[in-house]
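Worksheet: the structure to be examined is printed underneath.
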Amino acid sequence: MQQLRFTSEQIVWQEVPGEVSLAFLFSGCLLRCRGCHSADSWKAGLGSVLTEDYLQSRLSRYRGLISCVLFMGGEWLPEPLERLLVAVTRAGLKTCLYTGLERDELEAQSGCFIPHLTYLKTGRWMPEQGGLDSPTTNQRFIHVPSGDVLNHLFIREAAPAPARKRVIPLVQPGDSAFRSGVLQAA
Ligand code: SF4
């Protein structure tokens with residue numbers, strides 16, 4: 001039986017807004033997006049098998065710290081991915097999948113695990129359109145139970161320009177402190 005392998009594991013804060021996520025990047029993505037930031041994980045068979053036992057050990061270790069588990073890829077092996085998602089939901093945590101497929105492609109190819117997802121990011125990486133923080137992106141970040149698209153959570157409001165500060169020198173050229181080269185706090 002084929003199993004999913006991961007090449008990195010980290011705690012992330014920005015990929016799933018409002019959640020602290022334990023993220024696994026699986027090797028073997030087939031989509032070959034131009035400009036992919038994870039091209040070194042394309043080769044299938046890289047990394048370590050993500051067993052349910054290992055996942056459980058990480059969930060125990062991070063209990064109370066994380067609120068979500070994010071799988072980056074893995075939809076190409078739907079049954080193993082479904083088992084991992086079930087383990088996460090049984091632990092009372094939210095789930096998220098980042099895939100380069102569109103939702104209809106995902107449903108046609110490997111939809112069995114979709115009911116176990118809280119969040120789903122769809123769409124290939126297209127550099128000219130940008131990622132989830134771009135208004136022109138082709139990607140969608142979806143809350144699966146409601147079907148709501150939550151891309152707006154990634155787009156920061158432009159910060160107001162900082163007010164210009166008036167600089168008040170500590171000493172003036174005519175001051176005795178200036179002449180003596182000694183700066184004294186008031
Ligand atoms: S879907 Fe993601 S990991 Fe796969 S090639 Fe595209 S950008 Fe890379």
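Side chains included, hydrogens not; waters and symmetry mates left out as well; all remaining heavy atoms used. Atoms within each ligand, like the ligands themselves, are counted from 1 in listed order. Numbering starts at 1 and runs along the sequence shown.
Nearest non-hydrogen protein atom to atom 8 (Fe) of ligand 1 is Cys36 SG, 2.3 Å.
With Thr99 contributing its side chain and Thr122 its backbone, the two residues share no donor-acceptor pair below 3.5 Å. Trp125 contributes a side-chain N or O that, together with a main-chain N or O of Gly35, makes up a donor-acceptor pair within less than 3.5 Å.
For ligand 1 and Trp125, the ligand atoms under 4.0 Å from any heavy atom of the residue are 7 (S). Atoms of ligand 1 found under 4.0 Å from any heavy atom of Cys29, numbered from 1 in the order shown, are 1 (S), 3 (S), 4 (Fe), 5 (S). Near Cys33, meaning under 4.0 Å from any of its heavy atoms, are these atoms of ligand 1: 1 (S), 5 (S), 6 (Fe), 7 (S). Numbered from 1 in the order shown, with element, the atoms of ligand 1 that lie under 4.0 Å from a heavy atom of Gly100 read 1 (S).
Counting only heavy atoms, the protein gets under 4.0 Å from atom 1 (S) of ligand 1.
Counted within 6.0 Å of CD on Gln2, heavy atoms from surrounding residues, nucleotides or ligands total 12 or fewer; the atom is thus considered open. Within 6.0 Å of CZ in Arg90 there are 12 or fewer heavy atoms belonging to other residues, nucleotides or ligands. At most 12 heavy atoms of other shown residues, nucleotides or ligands fall within 6.0 angstrom of atom CD in Gln14.
At a heavy-atom distance under 4.0 Å, only side-chain atoms of Trp42, from C-beta outward, approach ligand 1. With a heavy-atom cut-off of 4.0 Å, Arg32 touches ligand 1 through its backbone alone.
Note on ring orientation: taking the six-membered ring where Trp is involved, the planes of Tyr54 and Phe24 are perpendicular (angle over 60°, cut-offs 30° and 60°).
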